[in-house]
Amino acid sequence: MSTQSVTITVDGTPIEVNPDRMLLPELLDKGFSIPHFCYQESLGSDGNCRMCMVEIAGKKRPQISCDTPIVAGMEVRTRGESIEKVRRDILELELINHPVDCPICDQAGECSLQDYYMEYGLYQGKVDKKEKHHFDKHIDLGANVLHDQERCVLCQRCVRFCRDVTHTDELCVAGRGDHSYITTIPGETLHNAYAMNVTDLCPVGALTSKDFRFQQRVWFLATSPSVCHGCAKGCAIDIDHAKSKYHDDTIYRFRPRKNPEINGEFICDAGRLSYKETQTYLLRTCLAKEEILADAEALDRMKAILTEDEYPIVVLADANLYTEELAALQAFARTFHAQLYAPLEAYHDPAFGDDWLKSSQRAANAEGVKRLGIATEMPTLNDNTLVINVNHPDGHRTANRIDLLTHRPDENTERVPARLTLPIAPWVRSSGHLINEDGIEQYCEQVLRRNDPTPTLLERLAHFLDKGDDTILDNMETAL
Amino acid sequence: MNDTVKPTRITTVPRYGDQPADKLYLPAIYAGIKVTLGHFVRNVLDITAMETLEYPEEQPTDITSRYRGLHRLTHREDGSIRCVACFMCATACPAQCINIIATERTDGIDEKMPEIFAIDTLECVFCGMCVEACPCDAIRMDTGIFSVTGKTREDFVLQRDRLLSHTGAFETEQTRNKEASHD
Ligand code: SF4
Ligand code: SF4
Ligand code: SF4
Ligand code: SF4
Ligand code: FES
């Protein structure tokens, strides 16, 4: 294996490249822009779309750069009249039967066809709209994926994803030549747990998500990097949200964010759809038993209960909390001589885990809990103990307790009402660090900035902690 | 892509008002009074030639097809809504006064249509950008309607069905549809 770099000339400039890779990925990494459909970083080259043509000195015809090995001293041209004409012609071929229905296409705004047409195309179409061949436009492939055959450029990224990545082989190309189309194997539907990744992989609007369909135009979306809280794997995600004039800041979708150490470029469908949980059934008001309380009143009562009652105090912490929040809970427990637990048993879900990304430990910061030295077993509780339940799924068993909850309690589960219930902001509305099951630490930004903010856990705890006490931060730093 | 930088085109406009005659102001004042007096004499001699309209009893008659009146949403040949809720108008609108909520269209004519399409005319600046931006010729300002009245703020937020009920003042849907189907 040679890893020594070699020198090649691209558009007249000599550059150092890695000869073990193909030309296209190397040039893309070096910042050259070369249009391509079928090459995809995680799926590799397929050589079927012919969009990535470049000129190579000494070769009679333009070559596809995604399948051309690098040879020391080669001279490559990615720009210039003749190669741009080739590109324009291939694009025109690609668009012959394309419906160009961008106004109703969810991909518009993040579509490779649109981008390439604006950058390299700009030709006058020769095919009349009425002469175009029509295919099926609304095929439900399963797993929330809709297929529009007219918009497909047959790059086969979707087919290769199901073949090479998930090994489930649901998709295939049927037909020949101009009649080819993408479909599921007869009798099959898309059913793997990662299927919705094909909607990200598809460079055009041929595969779109049923969940995101028509919800928002992509150019209105702001993107914040974050981490999925679905399980202990902690896949890196981008959260697309928008705050418009008539609607408060709202999340529209989760998309995988590239992190080679954890999830590559993919996430599971369960995690992708978990954005809904961050903005539905949220708790908004403070409650004393069933009665609604003002925020200040609730805090006063909480203070009174904590200082006046004689009961020993136990704090039950959700293992999805950020490390900063867990450390603040440790300081809180010290201040009130309480015992802090983050029982992990409740998060164990063997049905969820698999051998790729999905973990059967469904607590995003279980590792953070362990590193901070927080006890992970469930203590024996009775009504002679005052329980401070911070969003723990099993924290509602005893009546003598104060709840700090993100969500309204599920009406279907049997639940003793707490003495006091205070809402806290869900994770997308606060920020902090998470440590995944492999020990990788990631930072989550505050994503949503609502007009009606709910106090975060840290803001709640600040009322009970000595402000001059730096031990929270010190404690955090030593723990990490 | 294009490496050639276009030279900036700055034109220096000559400055007026520096001459002694300008600084006197009297010639300019005289010219102004001449216009006013001219109108006065003409109006006194023939009162019917006066430009003033006795609005609202008298309505303007000089609204041309280029006049940007209240918006309307146009129809397809089959009479159904033309708009596909692409949000181009809302994106182009400088006043951000178009509120669209899209939904699946299930009648087989198209895939997408607006469930809510509302223009807040209290915020609209009647610039016509929405009409320019629409790829489907679904929104027009050729109704000739120049006044909106209402008792509450909500009355001025024109909803989809109201916008669909407006008709073009200068051509019928049929002639327009004929044009549009030749695109
Ligand atoms: S796939 Fe791209 S080019 Fe085709 S309709 Fe959708 S946005 Fe337009
Ligand atoms: S559906 Fe999308 S990803 Fe699949 S072949 Fe067509 S264009 Fe490529
Ligand atoms: S006329 Fe101008 S301001 Fe009014 S809705 Fe259209 S784009 Fe917006
Ligand atoms: S009126 Fe035109 S631009 Fe506006 S959403 Fe409808 S189709 Fe799109
Ligand atoms: S990217 Fe090279 S042929 Fe498709």
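Values below: every heavy atom of this structure, side chains too, minus hydrogens, waters and symmetry copies. In this text, all values refer to a predicted model and were calculated from it rather than measured experimentally. Letters A, B, ... mirror the listed sequences (proteins, then strands); counts begin at 1.
The local environment of CZ in Phe146(B) is crowded, with over 12 non-hydrogen atoms from other residues, nucleotides or ligands closer than 6.0 Å. Within 6.0 Å of atom CG in Leu37(B), more than 12 heavy atoms from other residues, nucleotides or ligands are found, so the atom counts as buried in its surroundings. Heavy atoms of other residues, nucleotides or ligands lying less than 6.0 angstrom from NZ of Lys30(A) number more than 12. Under a cut-off of 6.0 angstrom, the local environment of CD in Glu58(B) is crowded, with over 12 non-hydrogen atoms contributed by other residues, nucleotides or ligands. No more than 12 heavy-atom neighbours from other residues, nucleotides or ligands sit within 6.0 angstrom of NE2 on His179(A).
Between chain B and the residues Gln216(A), His138(A), Lys137(A), Arg213(A), the largest count of heavy-atom pairs under 4.5 Å involves Arg213(A).
In this structure, the separation between CH2 on Trp219(A) and CZ on Phe87(B) is 8.5 Å, given to the nearest 0.5 Å. In this structure, the separation between CE on Met88(B) and SG on Cys102(A) is 8.0 Å, given to the nearest 0.5 Å. Distance CZ/Arg217(A) to OG1/Thr91(B): 8.0 Å, rounded to 0.5 Å. How far CD1 of Ile104(A) is from CE of Met113(B): 13.0 Å, rounded to the nearest 0.5 Å.
Using a 4.5 Å heavy-atom cutoff, the side chains of Tyr246(A) and Asp120(B) are in contact.
For a residue to count as touching a neighbouring chain, one of its non-hydrogen atoms must lie under 4.5 Å from one of that chain's; by this rule Ile100(B) does not touch chain A. Looking at Glu123(B), only its side chain comes within 4.5 Å of chain A, counting heavy atoms on both sides.
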Candidate pair Ile101(B) and Gln215(A), rule side-chain contact (heavy atoms from CB on, under 4.5 Å), full reasoning: CA-CA 8 Å; Ile101(B) 306 271; Gln215(A) 294 304 305; over 6 Å; no

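Salt-bridge formation is not detected for the pair Glu104(B)/Lys210(A): no Lys NZ or Arg NE/NH1/NH2 atom is positioned less than 4.0 Å from an Asp or Glu carboxylate oxygen.
Remark: side-chain polar atoms of Lys112(B) are not paired, donor with acceptor, to backbone N or O of Phe214(A) under 3.5 angstrom.
When every heavy atom of Pro103(A) is checked against every heavy atom of Cys86(B), the shortest pair comes out as O-CB, 3.1 Å.
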